[in-house]
J.: 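Pasting in a structure now, in structure tokens, and then I'll have a few things to ask.
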Amino acid sequence: MATRTQTRRSSRSTGSSSGGSAEKSSSESRSNNRSNQDRSAFSWGENAGPLLGAALAGVAIGVAANFGRKALMQGMEAATGDWDEILAAEHDMALGIFDKMLATDQTQTFKRKMLLIKLTHALDKHAHQEEMVVYPALREDNEAVSADQLEGEHGYIKTFIYELNEMGPDASNWLEKVRQFRDLVSRHAHMEEEEVFPSFKQSMSEEQNARITSLVNRDGFWMA
Ligand SMILES: [Fe+2]
Ligand SMILES: [Fe+2]
């Protein structure tokens, strides 16, 4: 026995007259078209689920890879030792990049550009760790004069980066500019390593030393 729904469906498909059926069929078709258009314009569509899932998985893999890279880089630095040893190792690394830059000639524009990018990233991360952790801790320890002088020099380090980017890697005075830049970084690093950091470290408790090391590592992780 046919249910009421089945009866309605049956009568709609067969129709009592051909005109009525055509009208209904056309009306249904318009309605379906509109519904499809609505779906395509305002919804993700049937394939969106898997596509969205794949995109999110890609983002997750990218985030995990970046997290792994940061953990590896800062983990290697953390193994270097206390905060002052980590920062001294970063000085050596930056000076090593300068030496590679000074070994280039005017035709090696691509290599010069890549080395400048690498140096900029290294100095940026290094300055961030000092400006966000070590210099504020120095000011707290009544060493504001040294902290302000060192932070002021960071400004001139950024100025050198700006000038090198502006002049371009094939400029005739590129090597001279890099030499002056290296001298500034070397003097700055020497003041930190030989004067300011040792006396600051001597005045610290073991807990404060561990705390500053942990904060430098945390800051370095996010900047890596
Ligand atoms: Fe510094
Ligand atoms: Fe430094």
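Remember, it's 1-based here, ligands and their atoms both numbered in the order they're listed.
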J.: Between Glu140 and Arg211, is the closest basic N to carboxylate O distance under 4.0 Å?
T.: no

J.: Could you tell me whether the Fe ion (ligand 2) has an N, O or S atom of His126 under 2.8 Å away?
T.: yes

J.: Is a salt bridge present between Lys125 and Glu90, judged by a nitrogen-to-oxygen distance below 4.0 Å?
T.: yes

J.: Less than 4.0 angstrom from a charged side-chain N to a carboxylate O is my criterion; do Glu151 and Arg139 meet it?
T.: yes

J.: Restricting to N/O/S, name the atom of Glu130 that gets closest to the Fe ion (ligand 1).
T.: OE1

J.: Taking the Fe ion (ligand 1) as the vertex, measure the angle between atom OH in Tyr135 and atom NE2 in His154; round to 10°.
T.: 80°

J.: Identify whether the distance between the nearest side-chain nitrogen and carboxylate oxygen of Asp99 and Arg182 falls below 4.0 Å.
T.: yes

J.: Only N/O/S atoms count here: what is the atom of Glu192 closest to the Fe ion (ligand 1) called?
T.: OE2

